[in-house]
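Below is one structure, written out as structure tokens, with a few remarks after it.
These numbers come from the heavy atoms of this one structure, side chains and all, not from hydrogens, waters or symmetry mates. Residue numbering restarts at 1 for every chain, and letters A, B, ... go by the order of the sequence lines.
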2 protein chains.
Amino acid sequence: MFTLDQARAFVAVAEERHFGRAAERLHMTQPPLSRQIQKLEKELGIALLLREPRGVSLTAAGDAFLAECHQLLAKAEQAPRRAQLVAAGQVGVVRLGYTAASSYGILGPLLARFHEHAPNVSIELHEMVTPDQLDALQSGALDLGIGRPPFPKDRISSRLLLTEELVVAMPAGHRLAGGTHPVTVSDLEEETIVLHSPTKARYFYDLTARIMPIRREQISYTTSQVLTMVGLVAAGHGIALVPRSIDRFAAGYDVVTRPIAGAPNDLVQLHAMWESASENPALHTLIPILDSSPTPPPLTSAVQA
Amino acid sequence: MFTLDQARAFVAVAEERHFGRAAERLHMTQPPLSRQIQKLEKELGIALLLREPRGVSLTAAGDAFLAECHQLLAKAEQAPRRAQLVAAGQVGVVRLGYTAASSYGILGPLLARFHEHAPNVSIELHEMVTPDQLDALQSGALDLGIGRPPFPKDRISSRLLLTEELVVAMPAGHRLAGGTHPVTVSDLEEETIVLHSPTKARYFYDLTARIMPIRREQISYTTSQVLTMVGLVAAGHGIALVPRSIDRFAAGYDVVTRPIAGAPNDLVQLHAMWESASENPALHTLIPILDSSPTPPPLTSAVQA
DNA sequence: GACCTTTACGCTTTGCGTAACCATG
DNA sequence: CATGGTTACGCAAAGCGTAAAGGTC
């Protein structure tokens with residue numbers, strides 16, 4: 001097979017139509033250049049050049065091969081560049097996991113910021129609950145997750161993206177919906193509740209359990225999807241403890257949210273998480289961007305009675 | 001710059017994910033392969049492979065570079081093939097000159113036969129009179145001409161494509177149009193004639209002069225285009241001596257053609273001509289095709305009164 | 001210790017440059 | 001004899017193979 005150097009040599013001779021000038025352009029002397037071209041022609045089994053008294057001209061085959069060589073050499077030059085951009089994280093793919101409801105508020109602005117700072121890093125979106133994200137991160141199926149604690153500190157690095165309040169969601173006409181001061185824990189104990197799944201939404205389940213004692217008989221349904229809970233609340237199946245950012249969706253259901261007395265307003269956390277040992281350069285391009293703005297949760301308006 | 005061999009080496013290792021197996025596939029031993037990959041990585045300034053206990057895996061950059069290498073190697077393989085096809089005359093361009101009217105009959109079938117036997121040889125058509133074709137052939141601006149004698153036998157090779165009769169064209173109602181036996185030369189001497197240009201259509205001018213004496217005062221117009229002559233004849237500007245193949249066009253003008261007494265019926269010749277020393281391989285693919293069928297001039301029907 | 005990759009060393013091959021040679025106007 | 005390409009020859013660099021070494025499970 002011929003070499004790229006031979007292709008370059010041929011291009012030089014073909015363009016200069018003169019071995020001497022071509023050799024000069026290639027920073028070498030004529031004889032080895034002449035030999036390389038002969039070797040190339042022998043290799044291809046065809047004559048590329050017509051040696052004439054005042055220089056050389058191209059055969060039809062030489063003309064065709066010249067065009068091929070131009071393309072080939074262009075490709076050979078760009079190949080490293082692309083690889084280098086990928087290595088630098090300028091170009092690449094990051095597979096991003098996010099929890100359905102939790103990310104509705106922050107995902108859009110985050111993606112916009114990624115796109116602004118790293119336009120050639122494309123993001124693959126994969127909706128999954130936090131535990132599945134952690135599995136996927138460790139198996140290499142995912143590069144970056146947006147989810148909730150806890151996660152193993154040794155292998156997973158994380159960055160806090162957002163904290164928000166846990167509030168009570170109830171139908172618009174509910175007895176607790178009209179008051180002027182916060183709902184208390186004792187108010188909640190008397191209610192039927194729609195609860196987070198203790199397996200698939202462990203984080204919210206534990207948060208709820210920390211705030212109020214849960215009696216099995218007061219649970220109407222459990223689910224991992226916060227939006228489903230809002231629907232059930234609207235349908236009168238009970239109240240639910242949900243993150244404040246659900247307000248925008250609750251409004252559509254004629255559901256009201258109210259704060260809980262004594263609950264800290266940074267109870268619900270959302271983190272970006274990634275495998276500490278990840279080799280994906282594009283991921284390391286995105287990580288600093290997570291910090292580049294504190295991203296206040298862009299709530300459109302508080303819906304509160 | 002890296003070499004095609006390095007690209008092939010990298011592809012083998014990347015695909016086998018194992019230096020040993022890759023070396024086997026490349027018919028070499030591991031150590032030099034390992035060195036070539038190191039050299040490639042150093043050259044590119046990036047890590048392509050992750051050396052792991054049970055073999056190797058690709059970095060993101062390595063993955064990108066692998067794709068580039070596949071394309072590059074595919075291009076490197078096809079480049080010689082294209083050039084070889086051109087050299088063999090299987091693929092290429094032939095610039096073909098033809099005389100306007102003379103070729104109307106034969107050009108279509110000829111092109112069809114070229115296309116059938118050499119589908120990848122494309123034909124560039126250039127309409128020009130025979131002397132211009134000869135100039136263009138010798139300057140290399142044309143590869144093949146279709147024209148009429150004479151041409152210099154030393155530098156131009158030729159093949160007779162077609163012979164036909166020279167006939168008299170006259171308006172449908174002309175006094176000579178109705179007879180049952182051929183028009184004689186003495187009939188012609190009394191007529192006003194539309195004549196071929198002695199410079200641009202020398203061949204026909206000479207043929208006409210050979211058949212009949214031409215008096216200056218009987219010439220109404222001269223032109224190089226036979227079709228123009230038919231139009232002038234139709235408009236009553238005289239009679240004209242034209243090749244038989246003009247019949248199909250004459251019909252549209254309500255012009256009648258009649259044979260000339262004593263004139264041989266192979267008087268008008270049409271030749272293919274090319275520079276004997278032409279280096280265009282595609283031309284040499286076409287030349288045998290000229291012979292592949294005698295191409296009887298496909299006259300649709302004889303229009304004769 | 002089994003498996004895989006890398007480093008060390010010696011030899012062959014490739015490829016350059018200088019110099020001499022050949023062909024054509 | 002000037003111009004431009006090729007052949008001859010010697011040396012330096014690149015690249016291979018064998019052998020030995022380094023690192024993980």
Side-chain angles (χ1 to χ4, degrees), chain A residues 1-44 46-59 61-62 65-66 73 76 138 140 155 277 279, chain B residues 1-59 61-62 65-66 69 73 76 138 140 155 277 279:
Chain A
M1 201 55 166
F2 69 98
T3 69
L4 287 176
D5 280 339
Q6 284 170 349
R8 274 184 274 268
F10 172 67
V11 167
V13 176
E15 289 181 352
E16 299 288 346
R17 305 200 166 249
H18 191 288
F19 273 77
R21 287 192 297 273
E24 203 173 334
R25 176 165 140 187
L26 294 167
H27 306 110
M28 63 190 294
T29 57
Q30 296 94 323
L33 174 58
S34 182
R35 287 191 300 259
Q36 287 298 341
I37 300 293
Q38 285 172 33
K39 207 169 167 181
L40 177 59
E41 288 179 309
K42 191 177 170 189
E43 167 72 39
L44 299 179
I46 55 182
L48 297 172
L49 298 173
L50 296 171
R51 277 75 167 176
E52 288 164 352
R54 322 202 146 277
V56 297
S57 66
L58 291 175
T59 63
F65 194 64
L66 175 60
L73 293 175
Q138 294 195 9
R155 304 170 77 179
E279 298 274 3
Chain B
M1 201 54 165
F2 68 99
T3 69
L4 287 176
D5 280 340
Q6 284 170 349
R8 273 185 275 269
F10 172 66
V11 167
V13 175
E15 288 182 352
E16 298 288 345
R17 304 196 168 254
H18 190 288
F19 273 79
R21 287 192 298 274
E24 204 173 334
R25 178 165 139 187
L26 295 167
H27 305 111
M28 64 191 294
T29 56
Q30 296 93 324
L33 175 58
S34 182
R35 287 192 299 260
Q36 287 298 343
I37 300 293
Q38 285 171 35
K39 207 170 168 182
L40 177 60
E41 289 180 308
K42 191 177 171 187
E43 168 71 39
L44 299 179
I46 56 181
L48 297 172
L49 298 173
L50 296 171
R51 277 74 167 176
E52 289 163 352
R54 323 203 145 278
V56 297
S57 66
L58 293 174
T59 63
F65 194 64
L66 176 59
C69 282
L73 293 174
Q138 293 194 10
R155 304 169 77 180
E279 298 274 4

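As a whole-Å value, the separation of B:L48 CG from C:dT5 C1' is 16 Å. Distance A:E24 CD to D:dG4 P: 12 Å, rounded to the nearest Å. One can place CD of A:Q30 at 13 Å from P of C:dA19, the figure rounded to the nearest angstrom. The CD atom of A:E52 sits 12 Å away from the P atom of D:dT6 (whole-angstrom rounding). Separating the NZ atom of B:K42 from the P atom of C:dT7 is a distance of 11 Å, rounded to the nearest angstrom. The nearest whole Å value for the distance from the CD atom in B:Q6 to the C1' atom in D:dA14 is 11 Å. The CD1-C1' distance, from B:I37 to D:dG15, rounds to 14 Å in whole Å. Here C:dC16 presents its P atom at 9 Å from CG of A:L33, a figure rounded to the nearest Å.
Listed pair B:S34 / C:dT5 fails the phosphate criterion, with no side-chain N or O lying under 4.0 Å from OP1 or OP2. The phosphate of D:dT6 has OP1 or OP2 within less than 4.0 Å of a side-chain N or O from A:R51. Within the 4.0 Å cut-off from OP1 or OP2 of D:dC16, at least one side-chain nitrogen or oxygen of B:Q36 is found. Taking only side-chain nitrogens and oxygens, B:Q38 comes nearer than 4.0 Å to OP1 or OP2 of C:dT7. Close to C:dG15, at under 4.0 Å from its OP1 or OP2, lies a side-chain N or O of A:K39.
Summary of the strand contacts: A:R35 and A:V56 both lie near DNA chain D, and taking for each the nucleotide with the nearest heavy atom, the more 5' one is attributed to A:V56. Each of A:R54 and A:T3 was matched to the nucleotide of DNA chain C holding its nearest heavy atom; the match closer to the 5' end belongs to A:T3.
B:A47 and B:T59 make their closest contact through O-OG1, 2.9 Å (heavy atoms, listed as atom of the first residue, atom of the second, distance).
A donor-acceptor distance shorter than 3.5 angstrom exists from the side chain of B:E41 to the backbone of B:L49, with no hydrogens or angles considered.
Ring orientation note: the planes of B:F2 and B:F65 are nearly perpendicular, at an angle over 60° on the 30°/60° scale.
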Set out, in order, the CA-CA distance, both residues' side-chain angles and the distance that settles side chain to side chain contact (heavy atoms under 4.5 Å, CB included) for B:L4 and B:R8, then state yes or no.
CA-CA 6 Å; B:L4 287 176; B:R8 273 185 275 269; 3.5 Å; yes

Chi angles and distances behind the side chain to side chain contact (heavy atoms under 4.5 Å, CB included) call for B:Q36, B:D5
CA-CA 9 Å; B:Q36 287 298 343; B:D5 280 340; over 6 Å; no

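Nearest nucleotide to the side chain of A:P32, out of C:dG17, C:dT5, D:dC16: C:dG17.
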